[in-house]
Amino acid sequence: MKIKKVSLSVLALLLATNLSIAAPKTDSSSVNQKLFEINNCIENNDFRSADRLIYQSAIEYPSEVQFQIASAISLTQQDKLDSAQDILDTIKKSSLKYADYYYAQAAIYLKRIDTSNMRFRAKNDTLIQLAINQLNYSLKINSKNPKVYNALGVAELKRGDLYQAQVNFEKALQVNQHYSTALDNLGSVYYITNELDKAETYYKKAMAENPTSATLYYHLAQVAFKKDDLQKALYYANKSLDLSPKSTYAYNLLGEIYRKQGNEAAAVTAFKKSIFLMPENVEAYINLAGIYESRGDLTAAIEELKTCYSIVPDNDSVKLNLADMILSSGQYEDAIKYYSEVSDKYKTESIEGIASAYFSLATESANKSMFKSNRRLHDSLVYIDKAIKENPDNLELYLTKSKLTRLIHNQVESKEVLLKIVSAPNANISDLLTKGDAYIALQQYRDARNIFTQAVKLDKDVESDLNLAEYFTYNKQYRHAKDAIQNVLAKAPENTDAINNLIFINKTIEQSNEQYKNAVHFKKEGDKFFQKVYLNKSLKLDPNNIESNLMLAKLLKKEKDIYGASKCYKTVLGALDNEKQIKKVAKWSKKLDKKIAKIEAKKSKKDLVKKEDNIVPIKDSEASEANTAKEKIVPLVDVKEVEVQENK
């Protein structure tokens, strides 16, 4: 599942740039000259000089309230929001005629959104609207103020209106084409829409106007990172941190760069530093969770995502990721809880997750019949039927239904649904993957392999092949994952994600082979118990390990578990390439299939006998009484209706 989202770092950092700029120098008076100099210092993030000039000017002009407004703006840019608000509250009565007063108040509202204070974080929409109201008041006093148009653009961007944001940034530039903050923010609009070359052009224009901006270096690092130019990205990110050592977003980006380079230790340190600087930085938690998950430390990954969930409890993406990870860790009830909280917008994904959780619960439970009367399970089946009606071409929904019907012991309906999936046309790559999963459920592993191979051979871009490799790796279909990775490396030989994924796969296969060797050792020792233990460990790492499946099949046959043995042989048939070996294993598999067919036939007969035994025969006396009663009852029907009934 892919949820479309705007980068949190971009949105939050739009306000990290300076919102202020001096008005065009139209008045030569001493006050306007000093305000011009103050605003220039603020624009260049030189707050020490700005505050010194404000202090000197306030002494020289004690009755001039505009210097106090400038002080509030400077404090706001330094994140000293309470001090800034105190100044505005004190001078409110004497400042209402100044456009900058309303601008300063709006800047505080917009900055409040990114603070740790939950009193404000819970009122994002309200704060954005209050800011927009203040900025509109400011424009009534001075309609040619570029910093106000820029701030309006930031507000619109924060509430998701990309078009209006762009309009306001362009208005700011119409008033002052050298306004570096508006140039930077317009570049961010193009970055969000993935027009990277345009974004880079605007960032560099802004850099020409303001070469000491930490935010501009951060944005250039983002572009380089997206273009996979890691050396340049690292250079820009470090430059940004040189200028602004306490930037939580720059540290998070630095972590992403290190991770892509394969330096996990440095990445973890950077992500933790990002969280230390701003405990509400959601992206840093998600990135940390990703590293822990890749290491196999699901407990640590889940903890990071739970913290993330506590910050943004309404974010469906976070809830789905958390539920998926909890499901992978085997905490099925907790997974169901988080899936159930997902909004209707992503109901299909949550239903699929709930079905998988129930299925896992049932297959691990010794008492599977407990699910027969489980109301939630039947409710899920109702939901999935509704989803299928709304999305009749979504094969993943049919696969989910197959799992559910299998849980309530309706094997016939489950098989019918699976057969419907594999016989459906292929509309896209998702359908191919779903078909492959359906073939695996039917234990037709060779067919699954062929379908997955088709998916790999489709013409795709690098990102799609990477996603496909991750899908196969997650589902432990390592042959196809490797093929997808080779597609990536053919187009991008130095792609670190592909290289790291390949290393992980090879390491996992090697570990599976080591467990098989342990099983061989215990076989020689005559210890069947530990032989089986290590075979299961081997297959948990790589379910398609040929040697482990063959050895386990022989062991299960001796234990008279022909169903388990049959599954092992079918898995081997799907993995083998050697024709002679395929014929040999196919013979063994067919013998077991015949035995299973006989057992199933006997079961069917027994079930039929049981049903007949449950039918209570009607006694002769009861039958005669029933016939007498029928004769006494004369139904009131029309003659024509009787004729129709007789014809029927």
Side-chain angles (χ1 to χ4, degrees), residues 352 355-356 359 363 393-406 411-460 465 468-484 486-487 505 509 539 542-550 552-553 562-597 600:
E352 288 171 11
S356 295
F359 185 75
T363 51
D393 298 326
N394 189 333
L395 297 185
E396 287 183 36
L397 295 175
Y398 291 100
L399 188 62
T400 306
K401 183 176 180 179
S402 166
K403 291 179 180 179
L404 288 170
T405 50
R406 212 180 314 167
Q411 297 290 343
V412 175
E413 186 180 353
S414 176
K415 191 171 183 179
E416 285 175 357
V417 175
L418 290 171
L419 290 171
K420 182 173 182 177
I421 293 170
V422 298
S423 62
N426 303 325
N428 49 47
I429 194 168
S430 178
D431 288 351
L432 287 171
L433 298 179
T434 306
K435 275 191 179 185
D437 290 337
Y439 276 125
I440 288 172
L442 290 165
Q443 293 189 13
Q444 294 174 225
Y445 298 103
R446 198 77 189 177
D447 292 323
R449 174 177 165 177
N450 293 336
I451 285 288
F452 287 149
T453 301
Q454 285 182 45
V456 172
K457 286 182 177 178
L458 287 176
D459 187 28
K460 301 175 294 300
D465 273 315
L468 192 60
E470 285 181 17
Y471 173 86
F472 285 132
T473 304
Y474 180 79
N475 289 288
K476 298 180 180 179
Q477 297 295 326
Y478 298 127
R479 173 199 293 269
H480 307 293
K482 280 185 169 184
D483 290 342
Q486 291 307 322
N487 287 348
I505 291 168
I509 292 172
L539 292 172
D542 180 10
N544 294 305
N545 188 308
I546 293 171
E547 288 81 7
S548 295
N549 272 298
L550 286 173
L552 185 59
I562 60 172
Y563 286 92
S566 174
K567 185 181 178 184
C568 288
Y569 282 141
K570 284 182 167 61
T571 304
V572 171
L573 286 171
L576 281 172
D577 293 314
N578 187 293
E579 287 298 325
K580 285 184 179 179
Q581 287 182 309
I582 289 171
K583 286 178 182 178
K584 192 176 180 181
V585 177
K587 282 182 183 178
W588 299 338
S589 182
K590 282 177 183 176
K591 282 182 182 178
L592 290 183
D593 286 344
K594 286 178 182 178
K595 288 182 180 180
I596 289 169
E600 292 296 325

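Nothing fancy with the numbering, it's 1 onward along the sequence.
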Contacts of Arg479 that satisfy side-chain hydrogen bond (donor to acceptor under 3.5 Å, both in side chains) - sequence neighbours left out: none

side-chain contact (heavy atoms from CB on, under 4.5 Å) partner of Cys568, chosen from Leu550, Leu573, Leu592, Asn549: Asn549

Between NZ on residue Lys482 and OG1 on residue Thr473, distance to nearest 0.5 Å: 10.5 Å

Interatomic distance, Asp542 atom CG to Gln477 atom CD [nearest 0.5 angstrom]: 9.0 Å

Any residue meeting side-chain hydrogen bond (donor to acceptor under 3.5 Å, both in side chains) with Tyr445, in chain and number order, not counting sequence neighbours: none

Inter-residue atom distance Lys457.NZ - Leu432.CG, 0.5 Å rounding: 12.5 Å

Under 3.5 Å: donor-acceptor pair, side chain of Thr571, backbone of Lys567: yes

Sequence neighbours left out, cut at 3.5 Å: what donor-acceptor pairs do the side chains of residues 578-590 make with other protein atoms?
from	atom 1	to	atom 2	distance (Å)
Asn578	OD1	Lys580	N	2.9
Asn578	OD1	Gln581	N	3.1

ring-ring contact (aromatic ring centres under 6.0 Å, His included) against Tyr478, all qualifying residues, sequence neighbours excluded: none

Nearest-0.5 Å distance, CZ of residue Phe452 to OH of residue Tyr471: 5.5 Å

Heavy-atom closest pair, residues Ile505 and Ala481: CD1-CB, 3.6 Å

Distance (rounded to the nearest 0.5 Å) between Asp483 CG and Thr453 OG1: 6.5 Å

Selection residues 439-449 - residue pairs positive for salt bridge (Lys or Arg N to Asp or Glu O under 4.0 Å), sequence neighbours left out: Arg449-Asp577

With sequence neighbours excluded, residues passing side-chain hydrogen bond (donor to acceptor under 3.5 Å, both in side chains) with Asp593: Lys570

Approximate separation, where rounding is to 0.5 Å, of Lys591 NZ and Tyr569 OH: 9.5 Å

Leu468 vs Phe472 side-chain heavy atoms within contact, under 4.5 Å: yes

Heavy atoms from other residues, nucleotides or ligands near NZ of Lys595 exceed 12 (cutoff 6.0 Å): no

